[in-house]
Number of protein chains: 2
Amino acid sequence: MSDTWKKPIRKSGAVPMYIQVAEILDTAVKSRGDATYALPSEGELSREFGVSRVTVRQALKQLETRGVIYSEHGRGYFKTASRMRGVSGFHSFTSEVRRLGGTPSSAIIDYRDGEKLPARFQGHLEASSDNSADFIFLRRVRSIDGNPVAIEDAYLPARLYPSATRAIFEGSSLYDEMTSTWGIVPTWTDALFEPVAANAEEAALLQIAEGSPVITVWRVTVTDTDQAVEYVRSVYKGDGFMLNVNRYRL
Amino acid sequence: MSDTWKKPIRKSGAVPMYIQVAEILDTAVKSRGDATYALPSEGELSREFGVSRVTVRQALKQLETRGVIYSEHGRGYFKTASRMRGVSGFHSFTSEVRRLGGTPSSAIIDYRDGEKLPARFQGHLEASSDNSADFIFLRRVRSIDGNPVAIEDAYLPARLYPSATRAIFEGSSLYDEMTSTWGIVPTWTDALFEPVAANAEEAALLQIAEGSPVITVWRVTVTDTDQAVEYVRSVYKGDGFMLNVNRYRL
DNA sequence: GAGTGGTCTAGACCACTCG
DNA sequence: GAGTGGTCTAGACCACTCC
């Protein structure tokens with residue numbers, strides 16, 4: 001492992017050195033399957049990359065808080081074992097489904113401007129937004145191998161997404177678009193899970209019987225500076241499909 | 001805020017200084033309601049506590065990764081707004097219910113030694129434990145104001161909990177007991193959510209009609225060194241009760 | 001320009017693991 | 001005892017915010 005990179009760390013560049021180190025280690029670690037194994041020591045990494053030990057530690061701690069690696073005093077750093085199953089309700093639907101060997105698809109079936117945030121979000125999520133603000137509404141149906149598994153209604157604060165159009169959201173992942181087009185980085189999410197029986201509309205969209213058990217999820221997503229950038233209400237069907245929440249920090 | 005503590009930081013004690021600082025700030029911040037506000041600057045804290053700026057930052061970063069505060073470059077540190085609603089499926093049931101003004105109760109209705117981990121955990125969670133290991137089995141019914149809302153089946157690896165008895169688990173929270181009695185600190189959890197119709201047994205325990213929509217949660221909890229310490233299968237009823245997942249890091 | 005957080009360094013000492 | 005991570009320091013320079 002220790003010779004796959006060639007000290008490509010750029011000093012005094014736009015990207016901090018510890019971020020560069022963290023990303024190199026992250027991809028190196030992830031490209032090695034699911035088993036756990038030891039990383040090079042702090043001293044080794046410090047020499048390899050030509051940065052101070054403090055900087056190496058800053059990179060390692062970042063990976064540690066993400067749950068990618070962990071450390072044991074006096075022994076070293078180790079990759080955490082992967083325990084993933086099911087499809088994440090919070091991360092990229094597309095990549096998660098692919099990882100599990102399925103073919104994901106996502107269709108926007110409704111798009112509206114100038115919507116208000118439904119009152120139920122307020123009650124459920126303590127939304128601190130003022131009621132008069134405008135939102136973009138986006139309804140998507142997500143499918144695996146052609147079978148619909150979820151309905152997602154997203155409400156995006158309009159002022160954060162200037163010149164948004166339906167077309168922009170058609171192509172790529174919503175989170176990718178947030179980041180690349182508007183510089184918005186989703187960092188935390190708070191969610192509520194509710195077991196309910198599917199109503200007629202949901203049943204039709206998910207191709208299940210009315211009254212089938214489904215999960216409704218209400219959530220709000222915020223940036224690292226605690227700004228709400230997305231309110232989502234999702235309906236997930238069961239029947240083999242499972243929603244996952246991975247690496248939740250207790 | 002800046003004069004409520006009196007530099008009680010103990011150097012060279014058993015507890016690292018940055019942990020002491022973090023805990024003081026954590027309780028100070030939490031004792032001030034839900035609104036956001038600014039914390040003292042790094043320099044101020046450094047002088048107040050008589051520790052270096054690096055140490056102060058170490059404390060602040062810890063609170064940041066927990067989602068308690070956030071920083072804005074050139075402006076300062078701020079408390080994050082609270083967005084909590086519903087009852088957490090992952091944290092202390094007791095304290096969460098109390099916070100919402102309810103009266104929680106929890107009854108152990110089954111306790112067994114020498115159990116094996118059911119095969120379904122293996123399929124769902126990629127449990128890496130060997131099949132021959134012994135587990136302690138604990139079934140609890142949790143109620144709010146006397147109304148049952150959840151069934152929790154926990155499987156604890158027996159070798160991690162020497163001399164465990166049913167009585168030990170009767171009194172306090174499972175996580176509290178893990179930490180105080182066995183020194184086990186639950187840090188991460190991976191979970192799968194599945195919408196299902198309640199079967200006869202579940203319906204009886206939750207006092208709902210058979211076939212009512214419920215959520216089944218399969219999860220594994222690990223320590224900071226990635227050791228599995230608990231496998232849990234829970235069944236949550238709906239009908240006003242909502243399961244929450246708070247401050248999930250994307 | 002003053003104040004704030006963000007990054008980085010060299011160096012020290014300690015606690016823990018393992019042979 | 002050698003090697004590892006854990007904690008802590010003083011000091012430097014930069015980028016950003018706000019007046």
Side-chain angles (χ1 to χ4, degrees), chain A residues 1-2 7 9-23 25 36-65 68-80 183 185 187 223-227, chain B residues 1-2 7 9-23 25 36-65 68-80 183 185 187 223-227:
Chain A
M1 168 165 186
S2 24
K7 303 193 204 174
I9 303 299
R10 284 176 300 278
K11 280 172 143 57
S12 78
V15 183
M17 295 195 282
Y18 80 90
I19 301 265
Q20 299 178 48
V21 172
E23 282 176 1
L25 291 177
T36 114
Y37 63 94
L39 276 73
S41 73
E42 293 180 353
E44 245 176 289
L45 292 169
S46 170
R47 286 187 298 277
E48 295 251 6
F49 288 113
V51 300
S52 78
R53 191 182 151 209
V54 180
T55 301
V56 165
R57 276 179 67 81
Q58 207 173 351
L60 291 168
K61 288 309 157 199
Q62 206 193 48
L63 297 179
E64 204 169 8
T65 67
V68 176
I69 60 174
Y70 62 91
S71 63
E72 287 190 41
H73 197 170
R75 304 222 311 130
Y77 287 85
F78 304 88
K79 180 190 195 304
T80 54
V185 183
T187 307
T223 62
D224 58 344
T225 56
D226 213 32
Q227 185 170 43
Chain B
M1 168 164 185
S2 23
K7 303 194 207 176
I9 302 300
R10 285 175 301 278
K11 280 173 144 56
S12 78
V15 182
M17 295 194 282
Y18 79 90
I19 302 264
Q20 300 179 49
V21 172
E23 280 176 1
L25 292 177
T36 114
Y37 63 93
L39 276 74
S41 72
E42 293 181 354
E44 245 176 288
L45 292 170
S46 171
R47 286 188 297 277
E48 296 252 5
F49 288 113
V51 300
S52 78
R53 191 183 150 209
V54 179
T55 301
V56 166
R57 276 179 66 80
Q58 207 173 352
L60 291 168
K61 288 309 156 198
Q62 206 193 48
L63 297 179
E64 205 170 8
T65 67
V68 176
I69 60 174
Y70 64 91
S71 63
E72 286 190 42
H73 196 169
R75 304 221 312 131
Y77 287 86
F78 304 89
K79 179 188 195 306
T80 54
V185 183
T187 306
T223 62
D224 59 343
T225 55
D226 212 32
Q227 187 169 41

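In the text below, chain A, chain B and the rest are named by the order of the sequence lines, each starting its count at 1. Everything quoted here is computed from the prediction, not taken from an experiment.
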(message) Nearest heavy atom decides the nucleotide; on that basis, is A:Ser52 or B:Tyr77 closer to the 5' end of DNA chain C?
(response) B:Tyr77
(message) Using the salt bridge (charged side-chain N to carboxylate O under 4.0 Å, His left out) criterion, which residues pair with A:Glu42? Sequence neighbours excluded.
(response)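 Only A:Arg53, A:Arg57 meet the salt bridge (charged side-chain N to carboxylate O under 4.0 Å, His left out) criterion with A:Glu42.
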(message) If the condition is salt bridge (charged side-chain N to carboxylate O under 4.0 Å, His left out), which residues does B:Glu72 pass it with, not counting sequence neighbours?
(response)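 B:Glu72 satisfies salt bridge (charged side-chain N to carboxylate O under 4.0 Å, His left out) with B:Arg75 once adjacent residues are dropped.
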Rounded to the nearest Å, what distance is computed from the [atom1] atom of residue [X] to the [atom2] atom of nucleotide [N]?
| X | N | atom1 | atom2 | answer |
| --- | --- | --- | --- | --- |
| B:Arg57 | D:dT7 | CZ | C1' | 16 Å |
| B:Lys61 | D:dG6 | NZ | P | 19 Å |
| B:Tyr70 | C:dG6 | OH | P | 13 Å |
| B:Tyr18 | D:dG6 | OH | P | 8 Å |
| B:Lys11 | C:dC13 | NZ | P | 16 Å |
| A:Leu45 | D:dT4 | CG | C1' | 12 Å |
| B:Glu42 | D:dG11 | CD | C1' | 15 Å |
| B:Asp224 | D:dG6 | CG | P | 10 Å |

(request) Name all residues meeting the side chain to side chain donor-acceptor pair (under 3.5 Å) criterion together with B:Thr187; count only those two or more places apart in sequence or in a different chain, and write none if there are none. (result) none
(message) Holding to side chain to side chain donor-acceptor pair (under 3.5 Å), I want the full list of residues that pass it with B:Gln20, two or more places apart in sequence or in another chain.
(response) none
(message) Is the phosphate of C:dT7 approached by A:Thr55 (side-chain N or O, under 4.0 Å from OP1 or OP2)?
(response) no
(message) Whether B:Ser41 contacts C:dT4 is assessed here as follows: a side-chain N or O lying under 4.0 Å from the phosphate OP1 or OP2. Is that the case?
(response)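 So the side chain of B:Ser41 is within the cut-off, an N or O lying under 4.0 Å from OP1 or OP2 of C:dT4.
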(message) Between A:Ser46 (side chain only) and A:Val51 (backbone N and O only), is there a donor and an acceptor less than 3.5 Å apart?
(response)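 Confirmed, A:Ser46 side chain pairs with A:Val51 backbone.
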(message) Looking at B:Thr223 and B:Thr225, would you say the former's side chain and the latter's main chain have a donor-acceptor pair under 3.5 Å?
(response) yes
From the set [options], return the single nucleotide nearest to any side-chain atom of [X].
| X | options | answer |
| --- | --- | --- |
| A:Arg53 | D:dT9, C:dT4, D:dG5 | D:dG5 |
| A:Pro16 | C:dT7, D:dA10, C:dT9 | C:dT7 |
| A:Val54 | D:dG5, C:dA10, D:dT9 | C:dA10 |
| A:Gln58 | C:dT7, C:dA10, D:dT4 | C:dT7 |

(message) Looking at every non-hydrogen atom in both residues, tell me the closest pair between B:Lys61 and B:Tyr77 and how far apart they are.
(response) NZ-OH, 3.6 Å
(request) Could you pull out the closest heavy-atom pair between B:Ala59 and B:Tyr18, with the gap in Å? (result) CB-O, 3.4 Å
(message) Using side-chain contact (heavy atoms from CB on, under 4.5 Å), reason through B:Val56 and B:Glu48 one step at a time and then give a plain yes or no.
(response) CA-CA 10 Å; B:Val56 166; B:Glu48 296 252 5; over 6 Å; no
Can you pull every protein N or O that's under 3.5 Å from an N or O on nucleotides 14-16 of chain D?
from	atom 1	to	atom 2	distance (Å)
D:dA15	N3	B:His73	NE2	2.9

(message) side-chain contact (heavy atoms from CB on, under 4.5 Å) for B:Leu60 and B:Ile69? Distances and angles first, verdict last.
(response) CA-CA 8 Å; B:Leu60 291 168; B:Ile69 60 174; 3.8 Å; yes
(request) Taking Watson-Crick and G-U wobble pairs with both distances under 3.5 Å, convert DNA chain C into its dot-bracket string, 5' to 3', dots for unpaired and | for cross-strand pairs. (result) ||||||||||||||||||.
